[in-house]
Amino acid sequence: MSTATLERPEAATAAQSPVSAWIGLVRAGAIVMVVFATVLQVTARTIIPPVLVIGIVFLAAAPFLKGERRGLGLGLAIFGAAAYIGNLPIIVDDLTHPESAPAFILQLLSTVGVGLVVIGGVAAWLRRPTRLLQPLAMAAVGVFLVGTIGSIAVAAGTDTVAALPGDVQVTAEQLMFAPEEVRIDGSATGIWIDNKDGIRHTFTVPELSIDVEVPALKARRVDIDAPPGSYQIICNVPGHESMTGTLIVSS
Ligand SMILES: [Cu+2]
């Protein structure tokens with residue numbers, strides 16, 4: 001009889017202190033951040049050191065996020081906020097381009113995860129009542145679902161562009177242009193850029209005022225009308241500074 005009474009969920013909820021309830025929100029946010037870091041690295045097919053650190057920190061902390069661990073909750077809130085602010089230019093760029101759905105959805109996930117960690121960590125530290133906990137958790141899930149569905153819809157409505165006969169093909173993949181040296185001669189009418197990454201890129205040739213946006217997993221083309229010479233190709237997305245190439249136009 002007494003065992004059955006102890007196992008009733010209502011009894012467990014009533015016994016939970018506000019601090020441990022908020023710490024539960026931090027744990028949920030930490031798990032979201034582990035999922036974010038894992039999916040980002042798997043889809044990028046490369047190790048991104050800052051993301052690896054974020055994933056390891058939250059993965060290591062998650063089992064300890066219970067009871068009255070206010071210090072750990074606040075520490076993770078500060079760590080999460082600092083990591084988020086440090087990457088803000090990249091995050092804002094991804095969140096303002098929903099047509100590149102994989103990157104948008106991942107940054108939305110990181111935003112929700114950090115939000116839960118920060119709100120939970122600060123609320124636990126301040127011993128706030130839990131009246132707003134459930135609405136906040138539901139709002140986080142709602143924002144993520146609406147944003148994800150919206151981004152998938154926008155991406156589905158974003159056309160890819162087919163290559164024309166004679167186009168020289170350039171692939172943007174794993175933050176690199178391939179080939180790095182793009183040669184155009186008299187027979188070439190233009191360049192077709194195929195983005196195989198889940199993030200957006202641009203094919204930008206500053207000297208020729210060419211700046212082509214290439215959404216994630218889409219293709220775009222550009223006509224080249226330039227005097228013979230050698231021109232630098234860049235991608236102007238924040239964090240893609242290493243993504244360069246050379247356009248060589250021959251007569
Ligand atoms: Cu790029």
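When a ligand or atom number is given, it counts from 1 through the structure's own listing order.
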Original post:
Between D211 and T204, does a side chain to side chain donor-acceptor pair (under 3.5 Å) hold up when you go through it step by step?
Top reply: CA-CA 4 Å; D211 188 21; T204 305; 2.6 Å; yes
**OP:** May I ask you to check if any N/O/S atom from T202 comes under 2.8 Å of the Cu ion (ligand 1)?
**Re:** no
Original post:
So which of the N, O or S atoms of H240 lies nearest the Cu ion (ligand 1)?
Top reply: ND1
Original post:
By atom name, which N, O or S atom belonging to H201 lies closest to the Cu ion (ligand 1)?
Top reply: ND1
Original post:
Do side-chain atoms of D94 reach the backbone of F104 as a donor and acceptor pair under 3.5 angstrom?
Top reply: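 The answer is no, because no donor-acceptor pair under 3.5 Å joins these two groups.
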Subject >> Donor-acceptor contact present, side-chain W192 to main-chain V161, <3.5 Å >> reply: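 Such a contact is found between W192 side chain and V161 backbone.
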**OP:** Go through the steps to decide whether F58 and F36 satisfy the test ring-ring contact (aromatic ring centres under 6.0 Å, His included), and finish with yes or no.
**Re:** CA-CA 11 Å; F58 284 113; F36 155 76; 9.6 Å; no
